[in-house]
Amino acid sequence: MEDVVGKPALVERRSTDRIAPPLGAYSHAARVSPEGAVLHIAGQVGNAPDGTVAPDAYGQTVQALRNIAAVVEDAGGTPAEGLVSLFTMVASREALPGVRRGIGEVFAEWFPEGDYPINSLCVVAGLAREDLLVEIASVAVVPG
């Protein structure tokens, strides 16, 4: 696995034409380089560093993704190079358009070529607090 500048890529994201294309911004699979260390990231919600929570699903999604980026960067990586998978939980179907918009905008920054991580999304009955609309757990690879 080599990237365009010749250094080993930490993650090779893949989709196959042997099954239906992804329904959204995600890949079917990801292969992790042996040069990386796997970082499991607890579910992140839309709370800013000061503890405030955005009032809508869009804002919470963007903040949850920014929180994931902060954890990955603190471990020495970047979301663009190392994000392997996401597991997105949404507290209602009504929140889905905001979640999709937030993911779409952040992913456009992180993955301008459309080389997206794996993402499973499900609608759940609720999250840890009533004001939380989205939670995103993730796995990333950082330089080992």
Side-chain angles (χ1 to χ4, degrees), residues 1-4 8-49 51-144:
M1 296 188 309
E2 295 272 328
D3 69 11
V4 290
L10 294 175
V11 179
E12 177 187 0
R13 299 178 187 100
R14 308 171 61 108
S15 289
T16 177
D17 59 4
R18 296 181 61 206
I19 62 177
L23 297 174
Y26 64 90
S27 295
H28 287 137
R31 183 177 5 199
V32 175
S33 165
E35 287 82 24
V38 178
L39 182 67
H40 295 268
I41 304 166
Q44 297 298 305
V45 295
N47 58 336
T52 59
V53 176
D56 62 355
Y58 166 77
Q60 289 187 28
T61 301
V62 169
Q63 185 61 55
L65 291 168
R66 298 282 179 233
N67 294 345
I68 289 168
V71 173
V72 172
E73 290 162 359
D74 191 60
T78 68
E81 291 180 340
L83 201 55
V84 175
S85 65
L86 304 170
F87 180 68
T88 305
M89 296 160 278
V90 183
S92 74
R93 289 197 183 282
E94 293 75 27
L96 287 173
V99 171
R100 288 188 176 116
R101 180 175 154 228
I103 289 172
E105 287 182 13
V106 174
F107 277 18
E109 285 177 38
W110 292 352
F111 312 106
E113 302 299 318
D115 185 25
Y116 304 120
I118 297 165
N119 187 10
S120 295
L121 184 146
C122 65
V123 177
V124 297
L127 297 168
R129 291 192 337 221
E130 202 169 300
D131 61 335
L132 298 175
L133 301 172
V134 64
E135 180 173 339
I136 306 172
S138 56
V139 175
V141 177
V142 295

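Note that these values count all heavy atoms, side chains included, but never hydrogens, waters or copies made by symmetry.
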Run the numbers on I136 and L65 for side-chain contact (heavy atoms from CB on, under 4.5 Å), then give the verdict.
-> CA-CA 8 Å; I136 306 172; L65 291 168; 3.9 Å; yes
Got a second to check how far [X]'s [atom1] is from [Y]'s [atom2], nearest 0.5 Å?
{"X": "R101", "Y": "L96", "atom1": "CZ", "atom2": "CG", "result": "14.5 Å"}
{"X": "L121", "Y": "L86", "atom1": "CG", "atom2": "CG", "result": "10.0 Å"}
{"X": "L127", "Y": "L132", "atom1": "CG", "atom2": "CG", "result": "6.0 Å"}

Testing the basics here: between [X] and [Y], what is the closest heavy-atom pair and its distance to 0.1 Å?
{"X": "P143", "Y": "G77", "value": "CD-CA, 4.1 Å"}
{"X": "R13", "Y": "S27", "value": "CB-OG, 3.7 Å"}
{"X": "V142", "Y": "V72", "value": "CG1-O, 4.1 Å"}
{"X": "P79", "Y": "E73", "value": "CD-OE2, 4.0 Å"}
{"X": "P55", "Y": "L133", "value": "O-CD1, 4.2 Å"}
{"X": "G98", "Y": "T61", "value": "O-OG1, 4.4 Å"}

Would you check if the side chain of [X] reaches a backbone N or O of [Y] as a donor-acceptor pair within less than 3.5 Å?
{"X": "S138", "Y": "S85", "value": "no"}
{"X": "E135", "Y": "V45", "value": "no"}
{"X": "T52", "Y": "A48", "value": "no"}
{"X": "N67", "Y": "G46", "value": "no"}

Residues two or more places apart in sequence or in another chain: which of them pass salt bridge (charged side-chain N to carboxylate O under 4.0 Å, His left out) with D56?
-> none
Set of residues satisfying salt bridge (charged side-chain N to carboxylate O under 4.0 Å, His left out) with respect to E94, sequence neighbours excluded = none
Describe, in one word, how the ring planes of Y116 and F107 are oriented to each other, choosing from parallel (under 30°), tilted (30 to 60°) and perpendicular (over 60°).
-> parallel
With V11, which of V141, I118, D115 fulfils side chain to side chain contact (heavy atoms under 4.5 Å, CB included)?
-> V141
Is any side-chain heavy atom of [X] closer than 4.5 Å to a side-chain heavy atom of [Y]?
{"X": "T16", "Y": "I19", "value": "yes"}
{"X": "L10", "Y": "V32", "value": "no"}
{"X": "R14", "Y": "R31", "value": "yes"}
{"X": "P22", "Y": "S15", "value": "yes"}
{"X": "F111", "Y": "P117", "value": "yes"}

Test side-chain contact (heavy atoms from CB on, under 4.5 Å) applied to R66 - qualifying residues, sequence neighbours left out |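 Here the qualifying residues are V62, Q63, V106, E109, W110.
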Could you walk me through whether L39 and V84 pass the side-chain contact (heavy atoms from CB on, under 4.5 Å) check?
-> CA-CA 10 Å; L39 182 67; V84 175; over 6 Å; no
